[in-house]
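What follows is a short report on a single structure.
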Number of protein chains: 2
Amino acid sequence: MNSQLDSYDLRLLAAVQQDARTPQNELGEAVNLSTAAVNRRLKRLGEEGVIERYTAVIAPDAVGYGLTIIATVEVESEQIDQLDATRRSFTVCPHVQQCYYTAGEWDFVLVFVVQHMEQYNELTRKLFFGNANVKRFKTLVAMSRDKVGSTLPIGEN
Amino acid sequence: MNSQLDSYDLRLLAAVQQDARTPQNELGEAVNLSTAAVNRRLKRLGEEGVIERYTAVIAPDAVGYGLTIIATVEVESEQIDQLDATRRSFTVCPHVQQCYYTAGEWDFVLVFVVQHMEQYNELTRKLFFGNANVKRFKTLVAMSRDKVGSTLPIGEN
DNA sequence: ACATAAACGCAATATTTTTGCGATCCACTC
DNA sequence: GAGTGGATCGCAAAAATATTGCGTTTATGT
């Protein structure tokens with residue numbers, strides 16, 4: 001992933017991050033480029049991996065996933081094999097929306113999306129109690145999702 | 001947000017969540033609907049708020065935000081005014097990518113995206129030390145972002 | 001069985017994206 | 001300081017995609 005981004009790129013990124021369906025001619029007006037130039041830049045940004053993907057954000061409630069839970073996990077061994085196996089068990093689980101490997105009091109932070117508590121309970125059995133490398137974990141239940149997403153502060157600072 | 005989603009809706013949601021740029025005729029083939037029907041369903045799902053928005057996911061590294069940090073926060077008072085003010089101070093900060101209000105050992109979980117430690121340091125001054133309602137907080141530094149995003153497990157279970 | 005509303009497919013239309021082409025702008029060489 | 005190569009541009013044509021009118025079908029409630 002090379003490439004230094006110029007001011008046009010950054011403004012385009014900020015815009016498509018906000019709304020990926022803004023037509024390229026509107027983007028062009030906004031940043032003062034032709035539609036074609038916008039198109040080519042977006043294509044390049046995609047190929048370079050600057051834009052990882054385009055996605056529709058779906059309301060969790062609407063599809064039955066009304067419960068968000070955050071778990072912190074400490075592992076027994078940070079030996080690479082064990083660690084990777086544990087990490088993988090987390091990332092492949094569809095209900096694990098996010099997984100961070102962290103330095104600090106805990107080794108992993110996980111964000112779960114589930115339909116109800118019982119479902120989370122089952123997941124803890126499988127992912128935590130069922131994994132000898134998980135030493136301990138702690139659960140935080142989200143009462144509100146005040147801000148979510150993957151938005152980056154482009155052009156903020 | 002009324003509406004119960006049928007099997008078509010769910011499959012469309014799963015698809016556009018995966019890749020929002022899949023043409024509607026391809027979606028139609030995949031789920032066995034005409035392009036027009038796909039179009040009308042997606043439009044309806046958008047209007048109903050089931051699809052919250054369309055967005056481009058940008059690689060943090062590519063725009064200089066190479067550091068992800070997770071912070072847990074305990075507040076002094078959960079009195080509604082104070083709580084809301086604190087919550088708001090978090091959510092309006094562009095570097096706070098995510099903010100959850102939680103039950104459990106901590107009251108808030110925040111995900112920060114920053115360029116370097118010093119930037120996080122400044123943010124703690126402003127958001128935590130500068131807020132009398134923040135009793136204590138803890139910082140976890142992400143060494144790797146193993147799974148990120150807002151993907152929901154549609155049709156997984 | 002029947003009326004009504006909702007959703008469908010087809011095909012025309014509108015919008016958006018993509019590309020060919022010549023022009024322009026730099027950075028570098030000679 | 002003119003010449004060359006590469007990158008990017010804008011314009012306009014072409015291709016792809018999204019949207020809509022319309023007649024038909026399907027589901028629902030009486």
Side-chain angles (χ1 to χ4, degrees), chain A residues 1-64 149-152 154-155, chain B residues 1-64 149-152 154-155:
Chain A
M1 187 188 303
N2 43 359
S3 97
Q4 51 234 2
L5 309 173
D6 65 14
S7 157
Y8 288 123
D9 291 327
L10 291 176
R11 281 187 290 166
L12 290 175
L13 290 172
V16 296
Q17 170 179 248
Q18 204 62 37
D19 179 3
R21 292 205 323 176
T22 310
Q24 295 172 356
N25 58 17
E26 281 185 35
L27 294 175
E29 283 177 30
V31 306
N32 219 30
L33 276 180
S34 72
T35 304
V38 170
N39 181 279
R40 284 185 281 248
R41 277 171 181 267
L42 289 177
K43 184 181 174 199
R44 176 171 55 76
L45 291 168
E47 289 168 349
E48 289 173 350
V50 175
I51 296 176
E52 292 181 350
R53 63 202 196 95
Y54 292 87
T55 178
V57 178
I58 296 166
D61 294 356
V63 289
S150 303
T151 305
L152 298 174
I154 297 175
Chain B
M1 189 188 302
N2 42 357
S3 94
Q4 48 229 5
L5 309 172
D6 65 15
S7 157
Y8 288 123
D9 291 326
L10 291 177
R11 280 188 290 166
L12 289 176
L13 290 172
V16 295
Q17 170 180 247
Q18 204 61 39
D19 179 3
R21 292 206 321 177
T22 310
Q24 295 174 353
N25 57 18
E26 281 184 35
L27 294 174
E29 284 177 28
V31 305
N32 219 30
L33 277 178
S34 71
T35 304
V38 170
N39 181 278
R40 284 185 281 247
R41 278 172 180 264
L42 288 177
K43 184 182 176 198
R44 176 172 54 76
L45 291 168
E47 288 168 350
E48 288 173 351
V50 175
I51 295 175
E52 292 180 349
R53 64 201 197 95
Y54 291 87
T55 178
V57 178
I58 296 165
D61 294 355
V63 289
S150 303
T151 306
L152 298 173
I154 298 176

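All values below were derived from every heavy atom in this structure, side-chain atoms included, with hydrogens, water molecules and symmetry-related copies excluded.
Within the 4.0 angstrom heavy-atom criterion, base atoms lie near Arg40(B). Among the atoms of the strands shown, base atoms are found under 4.0 Å from some heavy atom of Ala36(A).
Closest contact between the side chain of Arg41(A) and the listed nucleotides dT19(D), dA7(C), dT8(D) involves dT8(D). Considering only side-chain atoms of Pro23(A), the nucleotide from dT18(C), dC21(C), dT16(C) that sits closest is dT16(C). Distance from the side chain of Ala37(A) is smallest for dG10(D) among the nucleotides dT17(C), dA18(D), dG10(D).
At whole-Å resolution of the value, CG in Leu12(B) and C1' in dA18(D) are 15 Å apart. Rounded to whole angstrom, the span from the CG atom of Leu33(B) across to the P atom of dC10(C) amounts to 11 Å. Atoms CZ (Arg44(B)) and C1' (dA7(C)) sit 9 Å apart, rounded to a whole Å. One can place CD of Glu26(A) at 11 Å from C1' of dT15(C), the figure rounded to the nearest angstrom. Distance Leu42(A) CG to dT16(C) P: 15 Å, rounded to the nearest Å. Nucleotide dA6(C) holds its P atom 15 Å from the CG atom of Asp6(B), rounded to whole Å. Atom P of nucleotide dC9(D) and atom OH of Tyr8(A) are separated by 8 Å, given to the nearest angstrom. Taking atom CG of Asn25(A) as the reference point, atom C1' of dT16(C) lies 7 Å away to the nearest angstrom.
Of the possible donor and acceptor atoms, one in the side chain of Thr55(B) sits under 3.5 Å from a partner among the backbone N and O of Gln17(A).
Looking at Val38(B) and Leu12(B), their side chains come closer than 4.5 Å, going by heavy atoms from C-beta outward. Side-chain contact check for Leu5(A) versus Leu13(A): some heavy-atom pair is nearer than 4.5 Å. In this structure, Glu52(B) and Pro60(A) have side chains that are in contact, with non-hydrogen atoms separated by less than 4.5 Å.
Taking only side-chain nitrogens and oxygens, Asn39(B) never comes nearer than 4.0 Å to OP1 or OP2 of dA18(D).
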Verdict with reasoning, Asp9(A) to Arg41(A), per salt bridge (Lys or Arg N to Asp or Glu O under 4.0 Å): CA-CA 7 Å; Asp9(A) 291 327; Arg41(A) 277 171 181 267; 2.9 Å; yes

